[in-house]
2 protein chains.
Amino acid sequence: MSTSRQGRKRGVRAEVPITQEAIIDAAFRLIDERGGDAFSMRAVAADLGVFPATLYWHVGDRARLLGLVEASWASAVQIPEEIADWREWCHELARRYRARAHQHPNVARLVIVERARNIASLVLPDAVVGRLAELGLGDDLVHAYNSLVGAVQGFVVLELALIPDPEAASMLEAEAELRSLDPASFPNITRHFDALADRALSVRWTDGAKAPLDASFEFLIDLLLDGLDARLRASAPNKTPAKSAKTPAKKTAPAKKAAKTASA
Amino acid sequence: MSTSRQGRKRGVRAEVPITQEAIIDAAFRLIDERGGDAFSMRAVAADLGVFPATLYWHVGDRARLLGLVEASWASAVQIPEEIADWREWCHELARRYRARAHQHPNVARLVIVERARNIASLVLPDAVVGRLAELGLGDDLVHAYNSLVGAVQGFVVLELALIPDPEAASMLEAEAELRSLDPASFPNITRHFDALADRALSVRWTDGAKAPLDASFEFLIDLLLDGLDARLRASAPNKTPAKSAKTPAKKTAPAKKAAKTASA
DNA sequence: AGTCCACTAGTACGCTGTACAAGGCGTTGT
DNA sequence: ACAACGCCTTGTACAGCGTACTAGTGGACT
């Protein structure tokens, strides 16, 4: 990785110019390829063949760099266009958000929780607020927003959370430990072990990046949107704010793009 | 905090015996009072008036100590008894879990995401699995479990996530930054700013521990349980697996303990 | 009385984030 | 043409981190 050892003179400029974007890219690659634990100011500087203080000159401290990495990560998730039905729109955005997280799980792990606040990370929230505001939720707007965002982001964080440590031995050890749980202490987990094994949030030994919980995520999103839809229906029974989805439960709904007429 | 400076001779036992529980308690108090950043092996050792190596003798490395702190934290949330209705039961357990997190936010922040896996932290999952298994969800059991656990834990994690840093100055700065967002870039957030200000997940400047999102949490739980209930109703319309809650939407449902006859 | 072992003092190594002085180079002003 | 300034980097330094490691004391047991 390290492109060139330090052999330059004192104030000489690097042969390849050190820009803020180059530093962000290097940090992103470092985290992505070698994991979050490998990320440090020194490691990023070494990757660029540069002393650590250089990073402080260009981007600032560690938290700021992580914030920029977050912005770079989040900027790749596109806001769905041309989806008229608000439920399909929310569903698709959630899918894209999670897909981006699974694309770079090491980055997502660091970035979603640390949440160094930066303006760039507000474009997704703004889009969600805009779509929900059309529904006429009134005072519940902020609660609907928090519920959707919190549940989706939170699920992804927990799904991608590291189990114990990246040693292969300890993974087998974790599996053996879970398989030999005492039925007297944990009667329910042991009884339904086959249904839960390596698929339930605390009953697994494989990383969420390697064993994704796709079906559970779809289930969660459907649960939330069904609940929200029911609430809308109850408060205003005969006013369809958008193309109301009739099928309430059928999961694996194909994301067929509903006509044009987006962005009222 | 530090009880006694190092003045003892080489192999002499500490005047107050150093047990595993004492170390866990010291770590818990340290994190709780001075924040997660203040937590280190050396700081815990200093609090006990002892050298760091002593901790490694009694509990092992940092990850293991954090796992024990998690167990101590989680063991205080009691599983509801004598609540017949499964929805009220789930709601109450979620409330207690979150209440425990808000009781020690600094500890919860560290512990929920790092999730050093330990057996002790499986008693809550086991209880949830047991209650959900009664509903006859079939293959959806694991998905219902993941949805509830993921959403609840995830929401709490994001709610308690630190905003930028604990300086008072930067909080005002963050507020000013959010108040002066460009309406051209973020039209929806700025339009509904009054409804979102300091109450929406990415549009706030106060710590979740100081400004809890109670109403949003209740909203989320209702959403999830309503959705799950609708799913049950749809798959088996005329079989009431438990006392079916009739009111689907009315939030701020008082947690009146429904009769006895728990644990079938 | 002798032996062992549980347990702690103390040291050491390599790592971290980040502040700071020092100095070379391109650009600009005169 | 020459001087001065300011950008950008080198290099050093400091305090703190996790965690091995050795040394050695006291009490318990044989």
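Protein chains get the first letters and strands the later ones, always in sequence-line order, with residue 1 at the start of each. Atoms considered below: every heavy atom in the structure, side chains included; atoms not considered: hydrogens, waters and symmetry mates.
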Counterpart residues, side-chain contact (heavy atoms from CB on, under 4.5 Å), relative to A/Val107 (two or more places apart): A/Phe28, A/Ile31, A/Asp32, A/Val69, A/Trp73, A/His104, A/Val111

Interatomic distance where CZ belongs to A/Phe51 and P belongs to C/dA21 [whole Å]: 18 Å

Non-hydrogen atoms of B/His143 and A/Ala215 that approach each other most closely: NE2-CB, 3.2 Å

Any protein N or O atoms within reach of nucleotides 13-16 of chain C? Criterion: under 3.5 Å, listing atom names and distances.
{"residue": "C/dT16", "atom": "OP1", "partner": "A/Ser40", "partner atom": "OG", "Å": "3.1"}

Closest-nucleotide ordering on DNA chain D, the 5'-leading residue of B/Ala53 and B/Tyr56: B/Tyr56

With sequence neighbours excluded, residues passing side-chain contact (heavy atoms from CB on, under 4.5 Å) with B/His58: B/Ile18, B/Ile23, B/Thr54

B/His58 side chain near C/dT8 phosphate (N/O to OP1/OP2, under 4.0 Å): yes

Between P of D/dA20 and CZ of B/Arg64, the distance in whole Å: 14 Å

Partners meeting side-chain contact (heavy atoms from CB on, under 4.5 Å) with A/Asp194 (sequence neighbours left out): none

B/Ser75: partners by side-chain contact (heavy atoms from CB on, under 4.5 Å), with sequence neighbours left out: none

side-chain hydrogen bond (donor to acceptor under 3.5 Å, both in side chains) involving A/Ser147 - partner list, sequence neighbours excluded: none

Separation of C/dT18 P from A/Trp57 CH2 (nearest whole Å): 17 Å

Separation of D/dA20 P from B/Leu55 CG (nearest whole Å): 13 Å

